[in-house]
Amino acid sequence: MWGTPGTGARSIRPYQSSQQYLYAMKEDLAEWLKELYDLDIEVGTFLEVLETGAVLCSHANHVTQVAGEFSRACPDVAQHLHLPSTGVTCNLTAQPGTFQARDNVSNFIQWCRKEMDIKDVLMFETEDLVLRKNEKNFVLCLLELARHASRFGMRAPTLVQMEEEIEEELRQELDLPPVEPTLPRAPRKPRDLNNLDLMVQHLVSRCTCPVQFPMIKVSEGKYRVGDSDTLIFVRILREHVMVRVGGGWDTLEHYLDKHDPCRCTSLSHKPARKARSPQQQVQHEVRLCPAPRAARSPQPALLVSRSQRPPPPVTWRGRVPPGPRCPEGSGQPGASPQREPAQPQRVPSGR
């Protein structure tokens with residue numbers, strides 16, 4: 001496929017489509033923390049390294065230190081930002097699963113809420129990390145923390161850098177002013193979009209529909225998907241093709257699984273199909289069984305056209321008893337036959 005042989009298959013194949021975006025974000029955060037603090041951390045050991053809370057609390061103290069330096073260097077800009085002013089207490093010798101580890105994680109959570117003003121919808125609980133109850137919320141919280149810290153010069157993960165590039169591109173296209181004062185940014189890594197079209201084509205080509213799910217390139221890293229005018233931003237993150245969705249990210253393969261009709265596993269996500277033309281309507285042959293005869297004639301055939309739209313609902317009513325039958329020779333429907341009054345019968349006596 002692409003990249004180092006075997007790396008693309010390793011990053012995608014062992015994981016379900018719904019887990020790919022989480023794996024990609026963990027991989028990006030692990031590399032980011034490794035470069036910041038020279039940690040021995042990989043995507044496979046991401047939670048094990050962070051579960052004691054020692055690295056998290058040290059990171060919180062480092063962010064607070066950078067914010068203080070920024071406030072002294074750029075006081076005019078700093079007054080428009082929410083900057084942390086207090087760090088957290090930390091037990092660097094805490095062991096996994098102990099009370100000290102839970103206390104570290106709890107202190108980090110409180111610091112994120114109070115000092116960094118991270119919303120509850122993006123927060124996690126202590127058990128989410130210690131007992132692995134909600135790995136997704138923990139990852140999303142670290143990404144949101146990195147977004148906030150990048151506003152005052154803290155180096156950000158690659159995903160956050162790509163978000164900033166997309167926001168700048170949108171402001172330039174719409175000729176909008178910056179949403180906040182111009183801030184010093186850490187140097188960004190150059191983006192490689194040379195193989196993006198090939199990787200997108202490879203993933204879209206898995207569609208098995210007669211008319212393939214459309215994904216049209218509008219500009220570098222921007223595509224129009226489906227039959228609508230929806231535009232998505234696509235970027236390469238190592239061996240992953242990432243899509244900017246709302247305020248976060250998703251892998252292109254998971255995105256297509258939710259929008260391509262031939263891949264979607266949930267009926268609620270499948271878009272309504274267009275009605276077929278009369279030439280494409282499906283025909284079924286229905287054979288009528290005639291009444292038994294001495295000399296059987298060829299069976300008649302009836303062609304019934306079936307459209308994609310289901311038949312209208314049937315209203316069920318109570319059964320109406322049949323009315324009286326018409327006597328033979330009577331021309332009035334529903335007229336009851338005239339009967340002669342019954343004659344009394346004599347019972348013979350025993351005499």
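One-based numbering along the sequence shown.
Within a 6.0 Å radius of CD in Glu69, more than 12 heavy atoms belonging to other residues, nucleotides or ligands are found. Taking a 6.0 Å sphere around NZ of Lys133, one finds it holds 12 or fewer heavy atoms contributed by other residues, nucleotides or ligands.
A salt bridge links Arg235 with Glu169: at least one charged nitrogen is closer than 4.0 Å to a carboxylate oxygen. Ion pair Glu42/Lys34 flagged as a salt bridge, since at least one NZ, NE, NH1 or NH2 atom sits closer than 4.0 Å to an Asp/Glu carboxylate oxygen.
Contacts of Glu115 classified as salt bridge (charged side-chain N to carboxylate O under 4.0 Å, His left out), with partners at least two apart in sequence or in another chain: none. His59 meets the ring-ring contact (aromatic ring centres under 6.0 Å, His included) test with Trp32, Tyr37; sequence neighbours excluded. By the ring-ring contact (aromatic ring centres under 6.0 Å, His included) test, Phe124 is found to be paired with Phe138, residues two or more places apart in sequence or in another chain being considered. Glu125 meets the salt bridge (charged side-chain N to carboxylate O under 4.0 Å, His left out) test with Arg113; sequence neighbours excluded.
Annotation: side chain of Met215 is in contact with side chain of Leu252 (closest heavy-atom distance under 4.5 Å). Contact of the Ile41 side chain with the Val55 side chain is not registered, since no non-hydrogen atoms from C-beta on lie closer than 4.5 Å. The shortest side-chain heavy-atom distance between Thr64 and Trp111 falls under the 4.5 Å cut-off. Looking only at side-chain heavy atoms (C-beta outward), Lys258 and Asp250 come within less than 4.5 Å of each other.
When atom types are taken as modelled, the side chain of Asn104 and the backbone of Asn91 share a donor-acceptor pair closer than 3.5 angstrom. Of the possible donor and acceptor atoms, one in the side chain of Gln161 sits under 3.5 Å from a partner among the backbone N and O of Ala156. A donor-acceptor distance shorter than 3.5 angstrom exists from the side chain of His148 to the backbone of Met116, with no hydrogens or angles considered.
Residues in residues 44-57 take part in these salt bridge (Lys or Arg N to Asp or Glu O under 4.0 Å) pairs, two or more places apart or across chains: Glu48-Arg132, Glu51-Arg132. Within the structure, salt bridge (Lys or Arg N to Asp or Glu O under 4.0 Å) contacts touching residues 83-105 (residues at least two apart or in different chains) are Arg102-Glu127.
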>> Using the rule given for side-chain contact (heavy atoms from CB on, under 4.5 Å), can you reason through Phe70 versus Val77, listing the C-alpha separation, both sets of side-chain angles and the distance that settles it, and then say yes or no?
In response: CA-CA 9 Å; Phe70 177 80; Val77 179; 3.9 Å; yes

> side-chain contact (heavy atoms from CB on, under 4.5 Å) between Val234 and Met242: does it pass, once the steps are laid out?
Replying inline: CA-CA 6 Å; Val234 183; Met242 306 297 294; over 6 Å; no

>> Before you tell me yes or no, could you show the steps for Thr86 and Lys114 under side-chain contact (heavy atoms from CB on, under 4.5 Å), namely the whole-Å CA-CA distance, both residues' side-chain angles and the distance that decides it to 0.1 Å?
In response: CA-CA 10 Å; Thr86 306; Lys114 181 180 178 180; over 6 Å; no

